[in-house]
S.K.: 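Following this message is one structure expressed as structure tokens.
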Amino acid sequence: MKAENKLFIKSFLISGLVYAGLMAGFDYSQEQDFKILKLLFNFLFFGSFMGLLAKYNHQKQIKKELNETESKPCDTAL
């Protein structure tokens, strides 16, 4: 499995669970009923968004590192 896919899955699960849990706790503190569909929506939507963002940033960072290594002058005297 590619590193980008692993990163997507990890960030999807962690950020989605944390966000959905915090939103459920916020609803609970305001004495609202627990709604499983709202929890799933928060988990899937926020997790997907954060996973895609993490994957995009990782790809961008890899391209930046490749460009930096290609642009460095080589020492041909060795």
Side-chain angles (χ1 to χ4, degrees):
M1 184 179 278
K2 285 184 167 181
E4 293 146 354
N5 292 338
K6 288 181 184 178
L7 181 67
F8 172 78
I9 293 170
K10 285 180 187 176
S11 61
F12 169 78
L13 290 173
I14 292 170
S15 62
L17 284 172
V18 169
Y19 181 76
L22 288 173
M23 294 307 293
F26 183 71
D27 288 346
Y28 179 75
S29 70
Q30 294 193 347
E31 298 177 1
Q32 294 179 357
D33 293 336
F34 177 76
K35 298 176 183 173
I36 191 72
L37 290 177
K38 186 175 181 182
L39 179 85
L40 288 175
F41 176 77
N42 285 334
F43 171 69
L44 293 174
F45 180 74
F46 191 76
S48 297
F49 178 73
M50 294 305 290
L52 290 173
L53 189 63
K55 185 177 178 180
Y56 170 75
N57 284 335
H58 180 71
Q59 289 174 342
K60 189 175 168 183
Q61 182 181 7
I62 294 296
K63 286 181 183 178
K64 182 180 177 184
E65 290 174 359
L66 285 175
N67 287 337
E68 287 177 356
T69 58
E70 289 176 355
S71 65
K72 288 184 180 178
C74 295
D75 189 11
T76 57
L78 297 176

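Throughout, numbering of the chain's residues begins at 1 and tracks the sequence.
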S.K.: Salt bridge check, Lys38 against Asp27: does any charged N sit closer than 4.0 Å to a carboxylate O?
M.R.: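 Result for this pair is yes, salt bridge flagged.
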S.K.: Quick one: CG on Leu17 to CG on Leu22, what's the gap to the nearest 0.5 Å?
M.R.: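 Those atoms lie 10.5 Å apart.
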S.K.: Which residue in the set Lys63, Gln59, Lys64, Glu65 passes side-chain contact (heavy atoms from CB on, under 4.5 Å) when paired with Gln61?
M.R.: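 Among Lys63, Gln59, Lys64, Glu65, the one that satisfies the side-chain contact (heavy atoms from CB on, under 4.5 Å) with Gln61 is Glu65.
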S.K.: Determine whether more than 12 heavy atoms belonging to other residues, nucleotides or ligands lie under 6.0 Å from atom CZ of Phe34.
M.R.: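 Yes, because the 6.0 Å sphere around CZ of Phe34 holds more than 12 heavy atoms from other groups.
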S.K.: Is Ile14 linked to Leu52 within one hydrophobic cluster, defined over Ile, Leu, Val, Met, Phe, Trp and Tyr using a side-chain heavy-atom separation of less than 4.5 Å?
M.R.: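 Different hydrophobic clusters.
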S.K.: Which pair of non-hydrogen atoms, one from Gly47 and one from Ser15, has the smallest distance, and what is that distance?
M.R.: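 Nearest heavy atoms, Gly47 then Ser15: CA-OG, 4.0 Å.
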S.K.: Considering all heavy atoms of both residues, which atom of Gly51 and which atom of Ser11 are nearest to each other, and what is their separation?
M.R.: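 Residues Gly51 and Ser11, closest heavy atoms: CA-OG, 3.2 Å.
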S.K.: Looking at every heavy atom in both His58 and Ala3, which two are closest together, and how far apart are they?
M.R.: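 Heavy atoms only, the tightest pair is NE2-CB, 4.4 Å.
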S.K.: Within the structure provided, determine whether Ile9 and Met1 are in side-chain contact (heavy-atom separation under 4.5 Å).
M.R.: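 Yes - at least one pair of side-chain heavy atoms lies under 4.5 Å apart.
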S.K.: Do Phe43 and Tyr19 land in one hydrophobic cluster if side-chain heavy atoms of ILVMFWY residues count as linked below 4.5 Å?
M.R.: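 Phe43 does not cluster with Tyr19.
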S.K.: Side-chain heavy atoms nearer than 4.5 Å, only ILVMFWY residues, links allowed to pass through others: does that put Tyr56 and Phe49 together?
M.R.: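 Hydrophobic grouping puts Tyr56 apart from Phe49.
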S.K.: Is the shortest heavy-atom distance from the side chain of Asn42 to the side chain of Leu39 under 4.5 Å?
M.R.: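 No; the side chains remain at least 4.5 Å from each other.
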S.K.: Evaluate the ring planes of Phe12 and Phe8, with Trp represented by its six-membered ring, and classify them as parallel (under 30°), tilted (30 to 60°) or perpendicular (over 60°).
M.R.: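 Aromatic pair Phe12/Phe8 classed parallel.
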